[in-house]
Q: 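Would you mind keeping the following structure in view while I ask a few things?
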Amino acid sequence: QVQLVESGGGLVRPGGSLRLSCAASGNIFNDNVMGWYRQAPGQQREPVARVTSDGVTDYEDSVKGRFTISRDDDKNTVTLQMDSLKHEDTAVYYCNLENIPAGVREWSYHYWGQGTQVTVSS
């Protein structure tokens with residue numbers, strides 16, 4: 001089992017910044033992907049940013065150039081630095097860990113944090 005403990009989030013004005021952090025513990029596979037998803041009211045949960053165990057990053061188009069994802073494998077943490085925040089960034093943000101067994105991506109299992117509210121409002 002894997003547990004994900006999130007911190008950060010809150011209320012920020014447009015143009016401001018927030019930093020989300022997530023600490024993972026438990027059975028973390030060597031081959032994994034850590035990332036952040038978000039879900040706005042009336043919307044589907046969507047990936048925001050992900051980083052593989054090899055350090056390859058991927059961002060949703062609307063956050064490119066504004067958000068930065070990083071991971072610290074010594075501490076089993078992943079961080080999302082969010083700058084130049086906009087109203088449309090308002091959502092519940094979820095930490096995610098994808099364990100990939102035996103190199104078979106199709107058999108991976110996703111673990112989720114509890115979610116943290118990010119509200120961008122003037």
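Note that the numbering runs from 1 along the sequence shown for the chain.
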Q: Atom CD in Gln1, atom OH in Tyr109: separation rounded to 0.5 Å?
A: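 One gets 7.0 Å once the value is rounded to the nearest 0.5 Å.
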Q: Give, for atom CG of Leu4 and atom CD of Gln114, the distance between the pair rounded to the nearest 0.5 Å.
A: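 Spacing of CG (Leu4) from CD (Gln114) equals 8.5 Å.
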Q: Backbone N or O of Gly8 within a donor-acceptor pair of the Thr116 side chain at under 3.5 Å?
A: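 Here the side-chain-to-backbone pair exists.
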Q: With clusters defined by side-chain heavy atoms of hydrophobic residues (ILVMFWY) lying less than 4.5 Å apart, directly or transitively, does Tyr93 cluster with Leu18?
A: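 Linked, Leu18 and Tyr93 end up in one cluster.
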Q: Within the side chain of Arg45, is there an N or O that forms a donor-acceptor pair under 3.5 Å with the backbone of Val92?
A: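 No, because the side chain of Arg45 does not come within donor-acceptor range (under 3.5 Å) of the backbone of Val92.
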Q: Grab the two heavy atoms, one from Leu85 and one from Val12, that are nearest each other, plus how far apart they are.
A: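 So the two residues come closest at CD1-CG1, 3.4 Å.
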Q: Under 3.5 Å, side chain of Glu60 to main-chain N/O of Pro47, donor-acceptor pair present?
A: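 Not at all, since once roles are kept as given, no pair shorter than 3.5 Å links the two residues.
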Q: Could you tell me the separation between the CZ atom of Arg38 and the CD atom of Glu46, rounded to the nearest 0.5 Å?
A: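 It is 5.0 Å, given to the nearest 0.5 Å.
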Q: Show every disulfide (SG to SG under 2.5 Å) that has at least one partner inside residues 19-109, sequence neighbours left out.
A: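 Sorted pair list: Cys22-Cys95.
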Q: Can you name the nearest heavy-atom pair linking Ser84 to Ser17, along with the distance?
A: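 Nearest heavy atoms, Ser84 then Ser17: N-OG, 4.4 Å.
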Q: Measure the spacing between CZ of Arg50 and CZ of Arg71 and express it to the nearest 0.5 Å.
A: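 Answer rounded to 0.5 Å: 13.0 Å.
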Q: Checking Asn27 now: which residues fulfil side-chain hydrogen bond (donor to acceptor under 3.5 Å, both in side chains) with it, not counting sequence neighbours?
A: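 With neighbours one apart ignored, the set is empty.
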Q: Ala49 and Tyr59: which non-hydrogen atoms are nearest, and at how many Å?
A: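 Closest approach of Ala49 to Tyr59, heavy atoms only: CB-CD2, 3.6 Å.
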Q: When you measure from the side chain of His110 to the backbone of Glu98, do you find a donor-acceptor pair of N or O atoms at a distance under 3.5 Å?
A: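 Here the side-chain-to-backbone pair does not exist.
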Q: Output yes when Lys86 and Asp89 qualify as a salt bridge under the 4.0 Å nitrogen-oxygen rule, no when they do not.
A: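 Not counted as a salt bridge, because no side-chain N and carboxylate O are separated by less than 4.0 Å.
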Q: Val48 and Val120: same hydrophobic cluster, using ILVMFWY side-chain contacts below 4.5 Å?
A: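 Result: yes, single cluster for both.
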Q: So, taking the atom named CG in Asn30 and the one named CD1 in Ile100, what distance separates them when rounded to the nearest 0.5 Å?
A: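 Nearest 0.5 Å value for the CG-CD1 distance: 11.0 Å.
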Q: Got Asn76 and Ser25 here, is their nearest side-chain heavy-atom distance under 4.5 Å?
A: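 Side chain of Asn76 against side chain of Ser25, heavy atoms only: no contact under 4.5 Å found.
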Q: So which atom in Ile69 and which in Trp36 form the shortest heavy-atom distance, rounded to 0.1 Å?
A: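 Looks like CD1-CD1, 4.0 Å.
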Q: When hydrophobic residues are tied together by side-chain contacts of less than 4.5 Å, even through go-betweens, does Tyr111 share a cluster with Val78?
A: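 In one cluster with Tyr111: Val78, yes.
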Q: For Arg19, what residues pass the side chain to side chain contact (heavy atoms under 4.5 Å, CB included) criterion, not counting sequence neighbours?
A: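 Applying side chain to side chain contact (heavy atoms under 4.5 Å, CB included) to Arg19 gives Ser21, Thr79, Gln81.
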Q: Using side-chain heavy atoms (C-beta onward) and a distance below 4.5 Å, is Val33 in contact with Arg105?
A: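 Touching, per the 4.5 Å side-chain cut-off.
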Q: Please find the pair of heavy atoms, one from Ala91 and one from Ala40, that lie closest to each other, and give the distance.
A: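 Closest approach of Ala91 to Ala40, heavy atoms only: CB-N, 3.8 Å.
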Q: Of the non-hydrogen atoms in Asn32 and Phe29, which two are nearest, and what is the gap between them?
A: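 Nearest heavy atoms, Asn32 then Phe29: ND2-O, 2.7 Å.
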Q: Quick one: CZ on Phe67 to CG on Leu20, what's the gap to the nearest 0.5 Å?
A: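 The distance works out to 8.0 Å.
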Q: Look at the side-chain heavy atoms of Ile, Leu, Val, Met, Phe, Trp and Tyr, link any pair under 4.5 Å apart, and say whether Tyr94 and Ile28 land in one connected group.
A: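 Per the 4.5 Å side-chain linkage, Tyr94 and Ile28 are not co-clustered.
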